[in-house]
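Notes follow the structure.
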There are 2 protein chains.
Amino acid sequence: MGVTIKEIAKLAGVSPSTVSRALTDAHYVDLETAERVKTIAKQLGYRPNALARGLVQRKSMAIGLIIPEIENPFYSEIVSGVERIATQRGYGVVVISGHSANGEQEVRALLGRQVDGIIHAGVYRTDTALPNLRAEGVPVVLLGRKLPGFMSDCVVANDRDASVQLTTYLIQLGHTRIAYIFGKNVSSGSTEKLAGYKEALEAAGIPVHPELVEHGDLEFHGGHRAAQKLLALNPPPTAILAGNDFMALGAREAILEAGLRIPEDISLAGFDDILFSSMKGIELTTAAVPRSKMGQLGAELLIKKIEQPDAEQIEQIILEARIVRRNSCGPAR
Amino acid sequence: MGVTIKEIAKLAGVSPSTVSRALTDAHYVDLETAERVKTIAKQLGYRPNALARGLVQRKSMAIGLIIPEIENPFYSEIVSGVERIATQRGYGVVVISGHSANGEQEVRALLGRQVDGIIHAGVYRTDTALPNLRAEGVPVVLLGRKLPGFMSDCVVANDRDASVQLTTYLIQLGHTRIAYIFGKNVSSGSTEKLAGYKEALEAAGIPVHPELVEHGDLEFHGGHRAAQKLLALNPPPTAILAGNDFMALGAREAILEAGLRIPEDISLAGFDDILFSSMKGIELTTAAVPRSKMGQLGAELLIKKIEQPDAEQIEQIILEARIVRRNSCGPAR
DNA sequence: CTGTTAGCGCTTTCAT
DNA sequence: ATGAAAGCGCTAACAG
């Protein structure tokens with residue numbers, strides 16, 4: 001077992017309460033005894049028991065982080081950002097990859113662990129857990145998404161605007177038959193991007209063909225499949241915009257497998273700017289979303305909400321995406 | 001505040017202990033009262049307080065996971081595997097990306113949170129925390145690495161053998177001037193791979209030129225830099241083996257930037273088989289390490305050690321890597 | 001089968 | 001400035 005405050009108290013010839021005060025330097029303690037206590041604590045290798053402390057203070061100094069899949073660079077960088085800030089501020093991060101239908105399980109698990117707040121970047125069909133969470137008074141920050149009908153603190157990218165920019169760029173290159181690989185209904189980012197795509201098309205007076213919109217499920221293989229379907233169209237699109245780089249990369253595979261060249265035969269663009277999008281031979285045009293930054297801001301916002309529960313106003317931080325033009329887009333044939 | 005066991009007890013007309021028993025169904029409880037208690041608990045939305053439970057049981061049902069950088073797909077997939085199994089078994093995962101010099105900080109933070117065990121995939125210059133950990137009696141599983149002079153349960157890939165295979169393959173293709181991009185001294189995997197590289201070379205009667213071994217620090221940019229140096233050699237190598245795919249991909253950039261072709265002018269291989277290594281246009285020959293599997297096995301092993309502290313023997317699980325031949329290696333010119 | 005008692009390690013009034 | 005006492009929510013003997 002670990003060293004307890006009691007043992008230190010005995011050795012220092014003081015009461016446990018004094019040791020507690022000396023170690024947390026909260027209250028008035030004689031400087032000399034405080035020093036003595038600290039020295040003994042260090043000698044003994046004392047480590048405060050976070051469980052005990054959390055129990056009495058009703059504060060675990062832990063935050064929960066819910067994400068759909070950590071293998072996805074988009075999310076792993078978010079985790080990285082969250083983790084950095086949290087650690088820096090003394091909070092632990094309990095990570096849960098969510099796969100339940102509505103997020104209830106994940107939230108319950110986290111709440112059971114008495115986390116002080118939750119950063120929610122999960123994607124669920126119907127998110128029933130969030131409103132309950134609100135009722136419980138647990139601070140929540142939504143990351144990378146908004147939930148329709150649920151006002152909440154959040155950190156999101158300006159997906160719609162990025163989508164408008166990307167689509168407009170494609171139109172300027174002379175494309176009119178532009179396909180869109182949609183992510184998921186449940187992801188607000190996907191919806192926003194689709195809206196941006198349509199908005200840009202309409203602004204240019206180009207009709208929106210439903211057949212040009214395919215589902216890709218945000219995954220590499222989804223993008224692959226979607227592109228295959230799109231290429232089978234008659235006539236096929238001359239440009240494809242995918243809801244994230246993962247799907248774009250999947251689409252890229254399908255395009256190359258079909259013996260087509262990028263961008264000579266078909267233009268391709270995505271969202272996120274993951275590391276591999278910049279690699280030689282890939283060079284995907286995309287919208288760069290500052291993922292790590294999102295995580296950091298999310299953590300900072302959550303901790304602020306935790307430590308200042310009085311502040312009533314909701315904060316929504318919107319990060320602008322930056323369009324990165326590489327070699328995957330060219331003039332329409 | 002959440003619902004407590006006391007309130008349930010009052011409503012059910014029984015004592016808190018009975019509630020506790022009914023809910024954890026550990027001991028003999030009248031079936032009828034048990035049902036009544038459970039119903040009330042559900043109605044009230046009772047959620048056991050893990051802090052309180054952990055305090056008395058001296059078991060937090062949480063494990064710590066230390067990794068160098070979660071953005072790296074190698075590690076993020078390990079996290080994924082660990083997380084899956086842990087969640088499945090009722091454990092929470094506290095993730096820490098370690099950046100301290102010796103891992104002390106990370107371990108302290110985790111121990112303070114009373115984790116029941118630690119999965120350690122960190123990479124430190126001098127790892128002073130581990131031996132102390134052993135002394136504390138906290139179960140530890142090393143993941144992807146061994147620590148010299150520290151026998152421990154671990155899950156590792158057979159790096160040396162994979163390296164021998166890869167190097168031998170290159171030799172069979174006619175290469176004799178094979179460069180190696182080394183990872184980090186502190187990573188046992190790196191050392192093992194270097195040893196395998198040398199072993200294969202010597203077995204073929206090819207001298208090992210120190211100038212052909214460069215440090216790449218396990219990072220993309222390190223691989224890039226290392227390859228630049230290697231290409232400046234006179235004569236340059238005809239093949240480059242990198243300690244991981246990240247560095248190999250970095251090297252790939254440098255090679256292409258130098259106007260050379262892969263594999264016509266120079267062959268390239270790596271380790272890990274991350275998703276992007278398989279992509280069209282990249283098609284990197286590599287040794288596939290089952291990362292998610294490693295994480296899963298690591299978690300299973302740790303939980304076993306946690307739940308059966310009596311079992312004294314040390315288990316070392318060694319996973320064979322699978323060589324994946326793609327198009328980045330060709331015959332020597 | 002169930003209630004009472006005690007206590008996990010720590011913080012926090014309330015006295016002194 | 002410090003100690004005594006109480007209690008956070010829960011479980012674990014120990015009686016009964």
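In what follows, chains are A, B, ... by sequence order, proteins preceding strands, each numbered from 1.
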Whole Å only: how far is the CG atom of A/Leu55 from the P atom of C/dG9? 12 Å
So how far is it from B/Leu51 CG to A/Gln57 CD, rounded to the nearest 0.5 Å? 10.5 Å
Result for 5'-nearest mapping on DNA chain C, choosing between B/Val56 and B/Ser17, is B/Ser17
Taking the nucleotide of DNA chain C with the closest heavy atom to each, which residue, B/Pro16 or A/Ile5, is nearer the 5' end? B/Pro16
Counting only side-chain nitrogens and oxygens, does A/Ser15 get under 4.0 Å of the OP1 or OP2 atom of D/dG3? yes
Could you tell me the separation between the CG atom of A/Leu23 and the C1' atom of C/dG9, rounded to a whole number of Å? 13 Å
D/dC10, D/dG9, C/dC10: which one has an atom nearest the side-chain heavy atoms of B/Arg53? D/dC10
B/Val14 side chain: which of C/dT11, D/dT2, C/dG3 is closest? C/dG3
Assess whether one donor atom and one acceptor atom, taken from the side chain of B/Thr33 and the base of C/dT2, lie less than 3.5 Å apart. no
What I want to check is whether the side chains of B/Thr87 and B/Glu83 have a donor and an acceptor closer together than 3.5 Å. yes
Whole angstroms only, please: what is the CG-P distance between A/Asn49 and C/dT11? 10 Å
Between the side-chain atoms of A/Arg58 and the base atoms of D/dG9, is any donor-acceptor pair under 3.5 Å? no
Phosphate oxygens OP1/OP2 of C/dC10: is one of them under 4.0 Å from a side-chain N or O of A/Ser20? no
Using whole Å, what does the distance between atom P of nucleotide C/dG9 and atom CG of B/Leu111 come to? 15 Å
Bend of the helix from C/dC1-D/dG16 to C/dT16-D/dA1 from end-axis comparison, five pairs per end, nearest 10°, comes to 40°
Under the salt bridge (charged side-chain N to carboxylate O under 4.0 Å, His left out) criterion, do A/Glu136 and B/Arg47 qualify, and how do the steps go? CA-CA 12 Å; A/Glu136 302 236 18; B/Arg47 219 182 306 112; 2.4 Å; yes
Apply side chain to side chain contact (heavy atoms under 4.5 Å, CB included) to the pair A/Lys305 and A/Glu315, showing each step before the final yes or no. CA-CA 10 Å; A/Lys305 294 290 162 183; A/Glu315 287 184 58; 4.1 Å; yes
Can you tell me if B/Gln57 touches the phosphate of D/dA12, counting only side-chain N or O atoms and a distance under 4.0 Å to OP1 or OP2? yes
Taking donor-acceptor contacts at under 3.5 Å, does the side chain of A/Arg47 reach the base of C/dG9? no
Would the distance check show the side chain of A/Thr18 and the main-chain N or O of A/Val14 forming a donor-acceptor pair, the cut-off being under 3.5 Å? no
I need the CZ-C1' distance between B/Arg21 and D/dC10, as an integer number of Å. 13 Å
B/Arg291 (side chain) donor-acceptor with B/Val289 (main chain) under 3.5 angstrom: yes
Using whole Å, what does the distance between atom P of nucleotide D/dA12 and atom OH of B/Tyr28 come to? 14 Å
Decide yes or no on side chain to side chain contact (heavy atoms under 4.5 Å, CB included) for A/Val107 and A/Asn132, but give the supporting numbers first. CA-CA 10 Å; A/Val107 167; A/Asn132 297 344; over 6 Å; no
